J.: 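Before we start, here is the structure in question, set down as structure tokens.
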Amino acid sequence: MSKTSQQNTAADANGISVIHTQAHSSGLQQVPQLVPVSPGGGGKAVPPSKQGKKNSFVDRNSDEYRQRRERNNMAVKKSRLKSKQKAQDTLQRVNQLKEENERLEAKIKLLTKELSVLKDLFLEHAHNLADNVQPVGTETTTANPENNGQ
């Protein structure tokens, strides 16, 4: 089965050509392909905000350029200060958590010792009770001198 196809190429304002193809008698629709207009075929995509500025000459002595540079320098300083402050805050938080961890570990040691002492006291008391209480049925009856003569 032979297919006959037509190709139409059109370049848009962004420098991208779109190839449209139509298949003859196949009933299948083909997806348009994006290909670069430049013969090199490669390169970076340029965002729409920078397309008009690509070949424009920048006058470094102009007031507009100086204002943009000043705003950019202020933004960079602000960003660096913010980053430095965030690092200091993180370091301070780490130190706080380390101190809290040390306090909690000391408390764990103290409570563990207290638990051990209380366990020992409990076991000693339980052992003393066991020695003083005799099992049921083996109680010894003591002779009551008043009841001997009856």
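Values below: every heavy atom of this structure, side chains too, minus hydrogens, waters and symmetry copies. This is a predicted model, so every value here is computed, not measured.
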J.: If you round to the nearest 0.5 Å, how far is CD of Q92 from CG of L97?
T.: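 Going from the CG atom of L97 to the CD atom of Q92 covers 11.0 Å.
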J.: Tell me whether D63 at atom CG has more than 12 heavy atoms from other residues, nucleotides or ligands lying less than 6.0 Å away.
T.: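 It does not: D63 CG has 12 such atoms or fewer within range.
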J.: Step through the shown structure and confirm whether more than 12 heavy atoms of other residues, nucleotides or ligands are within 6.0 Å of CD on E64.
T.: no
J.: Report the hydrophobic cluster partners of L123, with the cluster defined as I, L, V, M, F, W, Y residues connected by side-chain heavy atoms closer than 4.5 angstrom, directly or transitively.
T.: F122
J.: Answer yes or no: is there a side-chain heavy-atom contact under 4.5 Å between K82 and K86?
T.: no
J.: Taking atom OG1 of T90 and atom CD of Q85, what is their separation to the nearest 0.5 Å?
T.: 9.5 Å
J.: Taking only residues two or more places apart in sequence or in another chain, which ones pass salt bridge (charged side-chain N to carboxylate O under 4.0 Å, His left out) with R69?
T.: none
J.: Pairs in or reaching into residues 96-122: which pass side chain to side chain donor-acceptor pair (under 3.5 Å), with residues at least two apart or in two chains?
T.: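 Those involving residues 96-122 do not exist here.
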J.: What closest approach, in Å, do R60 and R66 show between heavy atoms, and which atom pair accounts for it?
T.: O-NH2, 3.4 Å
J.: Would you say S83's side chain and S79's backbone share a donor-acceptor pair under 3.5 angstrom?
T.: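 Checking the backbone N and O of S79 against the side chain of S83, no donor-acceptor pair under 3.5 Å is found.
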